[in-house]
Amino acid sequence: MALVIAAGFYLTQRALRSGSLTPDPTRFNTLFLIVVALEALALFGGLAIIRLLEPAAVLGWIALVVGVHFVALAQWWMRDNAAVLLIGVAMTALGLAGLGVGFATHQADAVALISGVGSGLVLLGVTFVSAVRTLVDLRPREA
């Protein structure tokens, strides 16, 4: 899996350098910086509160904030990127599930499995599928 992702990255970089692929400019402007600052406040402020209320739910909060970050990216800065939206929605759901499980069961291991491992699988899976698509789209063609 890692080799496929690395190969996809390599072919994308090669295509960008050769000029056969042009980057899609995104709008990482002042609004983006404001949103990231608000997300950082939500992350660290929420962590301080959740640590007091239910330490087992901390990883759920992290996954939730990161998921919301990806949703914001997909909506305002990387439109038409279904992979980023999928990551955001899935991680938001996994974060909410982890928060719920953490507060209901007080089991940090269960939250780690849901929000931590689940989020990692989503990121790895979507990256793998994107890499496969890149390899198919950018594979060298015979002349």
Side-chain angles (χ1 to χ4, degrees), residues 1-140:
M1 190 177 278
L3 289 175
V4 170
I5 293 168
F9 178 77
Y10 171 77
L11 281 181
T12 299
Q13 291 302 309
R14 192 173 78 180
L16 286 168
R17 280 193 301 272
S18 73
S20 64
L21 182 67
T22 56
D24 183 21
T26 54
R27 294 172 288 283
F28 295 114
N29 52 20
T30 304
L31 178 60
F32 177 78
L33 295 175
I34 291 169
V35 169
V36 170
L38 291 172
E39 290 169 346
L41 285 172
L43 177 66
F44 294 110
L47 283 174
I49 294 167
I50 289 173
R51 278 191 185 113
L52 294 173
L53 298 174
E54 181 50 66
V58 164
L59 193 53
W61 179 252
I62 294 169
L64 174 64
V65 172
V66 173
V68 169
H69 169 76
F70 275 100
V71 170
L73 276 176
Q75 292 298 109
W76 291 294
W77 290 282
M78 300 177 88
R79 290 188 180 131
D80 300 324
N81 193 328
V84 174
L85 182 59
L86 175 63
I87 290 169
V89 170
M91 286 187 70
T92 299
L94 290 165
L96 288 170
L99 279 171
V101 167
F103 277 96
T105 68
H106 317 293
Q107 297 294 317
D109 290 344
V111 176
L113 182 63
I114 294 165
S115 296
V117 174
S119 294
L121 289 173
V122 166
L123 287 165
L124 188 59
V126 172
T127 302
F128 177 75
V129 170
S130 295
V132 168
R133 287 184 176 164
T134 297
L135 292 173
V136 169
D137 292 345
L138 295 180
R139 72 178 177 268

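Quick caveat: nothing in here was measured; it's all calculated off a predicted structure. The first residue in the sequence is number 1, and the count goes up from there.
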Which heavy-atom pair separates A56 from G102 by the least distance, and what is that distance? CB-O, 4.3 Å
All side chain to side chain donor-acceptor pair (under 3.5 Å) counterparts of E39, not counting sequence neighbours: H69
Please report the shortest heavy-atom distance between I87 and V122, naming the atom on each side. CA-CG1, 4.1 Å
For the side chain to side chain contact (heavy atoms under 4.5 Å, CB included) test, which of I50, V111, V58 pairs with L99? I50
In this structure, CG of L38 is separated from CG of L43 (nearest 0.5 Å) by 12.5 Å
Above 12 or not: heavy atoms from other molecules or residues under 6.0 Å from CG of L52? yes
Quick one: CD1 on I114 to CD on Q107, what's the gap to the nearest 0.5 Å? 11.0 Å
L113 versus D109: any side-chain heavy-atom pair under 4.5 Å? no
Shortest non-hydrogen pair, A83 vs V126, comes out as CB-CG1, 3.6 Å
In L123, L96, V71, the residue satisfying side chain to side chain contact (heavy atoms under 4.5 Å, CB included) with M91 is L123
Verify side-chain contact (heavy atoms from CB on, under 4.5 Å) between L53 and F103, making sure each step is shown before the conclusion. CA-CA 9 Å; L53 298 174; F103 277 96; 4.0 Å; yes
Minimal heavy-atom distance between A42 and W61, with the atoms involved, is O-NE1, 3.1 Å
Where the side chain of T92 meets the backbone of V68, is there a donor-acceptor pair that is under 3.5 Å apart? yes
Taking atom CG of N81 and atom OG of S130, what is their separation to the nearest 0.5 Å? 7.5 Å
Heavy atoms only: give me the nearest S119-L94 pair and the separation to one decimal. N-CD1, 3.6 Å
